[in-house]
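Numbering starts at 1 and runs along the sequence shown. Just so you know, these numbers use all the heavy atoms, side chains as well, and skip hydrogens, waters and symmetry mates. Every value quoted in this text rests on a predicted model; they were computed, and no experiment measured them.
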Amino acid sequence: MALRTRTAARTPFRRLALLGIALLTASASLSPTASAASGDREHHPSGGGLSAVIRYTEYGIPHILAEDYADLGFGTGYAQAADQVCTLADGFVTLRGERSKWFGPDAAPDGSLSAATKNLSSDLYFTSVRDSGTVEKLLATPAPAGPSRQSKELMRGWAAGYNAWLKQHRVTDPACQGAAWVRPVTVVDVAARAFAISVLGGQGRVTDGITAAQPPTTASTPTAPDPAGSAKAAERLFAADQADMGSNAVAFSGAATADGRGLLLGNPHYPWHGGRRFWQMQQTIPGELNVSGAALLGTPTMSIGFNDKVAWSHTVATGVTLNLHQLTLDPADPTAYLVDGTSQRMTRRTVTVPVKGGAPVTRTQWWTRYGPVVTALGPSVPLPWSRTTAFALNDPNALNLRAADTSLGFSKARGTDDVLTSLRRTQGLPWVNTVAADSRGHSLFTQSQVLPRITDELAARCSTPLGKALYPASGVAVLDGSRGDCALGSDPDAVQAGVFGPARMPLLKDAAYAENSNDSAWLTNAEHPLTGYERIFGTLATPRSLRTRGAVEDVSAMAAKGRLTVADLQRQEFADRAPAGSLAAADTAKACAALPGGTATDSTGKAVDVSGACAVLAGWDRTVDARSRGALLFDRYWRKLTAAVPTAELWKVPFSAADPVRTPNTLNTASPGVARALADAVGELRAAGIPLDSALGDHQYVVRNGKRLPVSGGTEALGIWNKVEGIWDPVRGYSEISTGSSHIQAVGWDGGKCPVARTLLTYSQSENVLSPHYSDQTKLYSQQRWVTSRFCERDIRSSPALRVVKVREHR
């Protein structure tokens, strides 16, 4: 209640504004009887409990009106529960360390809150977080190093809103109807979700390695990691083009637009199912905050969005959010390590997890001054704990619960300078870049991440032999943990110790275009490459992904054409050009036609008649539109080719840093992998009964409510802006999407009070198959149609779908 006391001077205005807006909206949308009843309720206080007004418009998008931050959190939590209670409840089971209790120890989590491969590993990690009071300590840390009072009030309100929905409604979603694990939550639960999201690139990435770490026995003789092999594996593990998740975003400055105002197109690629989905909303505290966009499920603030002056989006960044410290162990005790010759004992964390149908499981985790002992970065990068050596993980985001404050700063920003100010003041973003534009014609890109303060100088001076191989290849530093002079140190402008300050972050302001597609900051603008940053941020002058190359080609051409509008952003989103096709389809078709007898040998040694593929590839329009014929054949061929043939062998013209957008190029059709991949693809489609010239949408689709919805777009390997990663069924084709385009927004301004915004939540608001908003926007996505944002009051009130709900705690 302290926040309400501090803002008491503005409370009467907010309450009057809130009541006026809600009553005007309600009277315009409800029957006379319902309107009168609603008005009567508005004039009666809710007994001191939290409350909010939720106005729903088309596609179930809520516009949440509240008096203060706690009430805003309440409305947000209530509305999220209404749409996604089962998905949210499943996440809270994870955060409580109870997956093994309810679902068994060997099943796999959905991957939204960590990379744990089994429930038991997930539970051991999150129970350790809970038992150690990690989240409570972060909540108690004073701002700016800890969360502000406003963000804590939002979390408190969100928990109360979620709980109020559970108390006032019966769960009907078949996914969790009647489930005992659907339970009320606390503020700590909500904050724990924010913590889990923050450490996804660090502790969350190596959960299995943390929970499996045990000291060696006398009989064990683990082999030391091979630096060269580990470096190759780590390079692939941390490569942006190997990740299913990602994003595109581009901001255009006024120099490239029709009216001198900025434009933003955001296209994040996120999971279509589970706890890492976006959820649309508008949040309003009259006189304080008014923002539209999307939040990650379980969070009370806007992750990406826009207001009447500025718009922003994020892309997953290349900065490596962790580093390792190689420990020299005490010869007398493998659970002690030496620092400057002094022995320090590791800290034991004994964790017990309840297990369905069995006895509880107890394990010990081992922690050091640097962080937890870890025995792998993933299956391909083992870090064995021997009698002489162990590895400890440093994750600075384990001290970062500030992302909500960064988002609040964006939500209230009046321009890109305010976006930068929020980033510099709060430093809360763990693993994303920020791209923004504003109504005054400014554009912005910045890689403002919470990263370990690993300078190239420190890495050169303190890397172990393993680190000397890993750091250049992957950005993962392995420092000598036995030396006190290898500590990370601090920047004077950093909010917390051991991380880079804002002055060290890659930054580009007011370029005609600023674009990122998950490569490093280097080619944010090809005419003005960014340089001078440390290796841990990403690479310089190295090959870009095909998605980056295609995106830079597209947006630079758009900027050169100029006179851009929001409609141009919409066209770019669904252009569905395949850069891989532009580079390789014609040469593949010629090589196909030149094959003796029209046959090629597949990977099993079988001769396959591929002659029918030649004309299909030659005639393909080089897009992945759902109506495109030849796209599916090229997709299956290209995936097989790039998986089997190294990049150096694939192209005749190698990469050149002097021409990074157009190189490498010219397909090396002399490689035997070309004909083999073609034979494999043709054989695969024929075995499934799929004609080679099928329209892509006939075999790339989703089924919703029993109806097929064709899906345009394509995979990372093809370089598609509108990225989708289909789940291949050898009989039906791509019959579901795992990750891809999610909350898309195209935003500009026209000089009026309302932003010009078009949005699309590709997978719709709810995963509840009984919800009317389970597939409504997915149908729009299939048809390449958009939602016109209702931001201003007149637009909300005029919605034919308007539904007004006053929600409050029942105490």
Side-chain angles (χ1 to χ4, degrees), residues 17-44 46 50-67 71-85 88 157-158 161-162 164-173 278-286 290-295 705 754 757 759-761 764-780 786-810:
L18 177 60
L19 293 181
I21 292 168
L23 285 171
L24 182 59
T25 303
S27 64
S29 62
L30 302 175
S31 67
T33 302
S35 178
S38 176
D40 182 66
R41 285 197 303 271
E42 292 284 359
H43 285 87
H44 289 81
S46 58
L50 300 177
S51 64
V53 174
I54 306 174
R55 299 176 294 170
Y56 288 96
T57 57
E58 293 92 330
Y59 309 104
I61 299 172
H63 306 256
I64 302 162
L65 272 167
E67 180 182 328
D71 287 334
L72 187 65
F74 179 84
T76 304
Y78 192 103
Q80 282 194 22
D83 283 329
Q84 294 281 20
V85 64
L88 289 165
W158 195 101
Y162 178 88
W165 189 91
L166 283 180
K167 183 177 180 180
Q168 297 167 24
H169 296 82
R170 181 172 59 87
V171 175
T172 60
D173 186 341
F278 286 109
W279 179 82
Q280 278 187 282
M281 64 175 169
Q282 181 174 5
Q283 292 182 313
T284 305
I285 301 174
N290 193 16
V291 61
S292 283
N705 302 119
C754 307
T759 68
L760 190 55
L761 187 64
S764 306
Q765 280 282 81
S766 178
E767 282 197 280
N768 180 356
V769 295
L770 303 179
S771 169
H773 308 299
Y774 168 65
S775 62
D776 48 1
Q777 289 199 62
T778 313
K779 294 176 184 176
L780 294 184
W786 296 73
V787 176
T788 299
S789 174
R790 295 186 180 274
F791 183 86
C792 285
E793 280 304 308
R794 66 173 185 266
D795 299 317
I796 297 170
R797 293 197 300 267
S798 64
S799 170
L802 184 63
R803 180 169 61 94
V804 182
V805 181
K806 173 70 181 290
V807 298
R808 60 190 178 189
E809 286 183 291
H810 292 169

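Contact annotation: the side chain of V53 approaches that of R55 to within less than 4.5 Å [non-hydrogen atoms, C-beta and beyond]. Side-chain atoms of V807 and S51, non-hydrogen and from C-beta on, never get closer than 4.5 Å to each other. By the 4.5 Å heavy-atom criterion applied to side chains, L770 and D173 are not counted as neighbours. The closest side-chain heavy-atom distance from P286 to E67 is not below 4.5 Å.
For the residue pair H63 / Q282, a side-chain donor-acceptor distance below 3.5 Å is found, with atom types taken as modelled. Checked by atom type, the side-chain pair T76/Q283 shows a donor-acceptor distance below 3.5 Å. Inspection of the Q280 and T759 side chains reveals an N or O donor paired with an N or O acceptor under 3.5 Å. Side chains of N290 and T284: a donor-acceptor N/O pair is present below 3.5 angstrom, by distance only. Side-chain contact of S798 with R790: a donor-acceptor pair under 3.5 Å is present, judged by distance alone.
Ion pair E58/R803 not flagged as a salt bridge, since none of the NZ, NE, NH1 or NH2 atoms sits closer than 4.0 Å to an Asp/Glu carboxylate oxygen.
Smallest separation of non-hydrogen atoms from N768 and Y774: O-CB, 3.3 Å.
With values rounded to the nearest 0.5 angstrom, Y78 atom OH is found 13.0 Å from L50 atom CG. To the nearest 0.5 Å, atom CG of residue L65 and atom CD of residue E793 are 6.5 Å apart. One finds the CH2 atom of W279 at 10.5 Å from the CD1 atom of I61 (value rounded to the nearest 0.5 Å). S789 OG to I796 CD1: the interatomic distance, rounded to the nearest 0.5 Å, is 8.5 Å. Separating the CG atom in L72 from the CD1 atom in I285 is a distance of 4.5 Å, to the nearest 0.5 Å. From L780, atom CG reaches atom OH of Y59 across 4.0 Å, with rounding to the nearest 0.5 Å.
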Run S764 and S775 through side chain to side chain donor-acceptor pair (under 3.5 Å) and show every step you take. CA-CA 5 Å; S764 306; S775 62; 5.7 Å; no
Please lay out, stage by stage, how E809 and F74 fare under the test side chain to side chain contact (heavy atoms under 4.5 Å, CB included). CA-CA 9 Å; E809 286 183 291; F74 179 84; 3.3 Å; yes
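A distance-only check finds no donor-acceptor pair linking the side chain of K806 to the backbone of A52 [under 3.5 Å]. Under a 3.5 Å cut-off, the side chain of S766 and the backbone N or O of D83 do form a donor-acceptor pair. Panel note: side chain Q765, backbone H773; no donor-acceptor pair is recorded below 3.5 Å.
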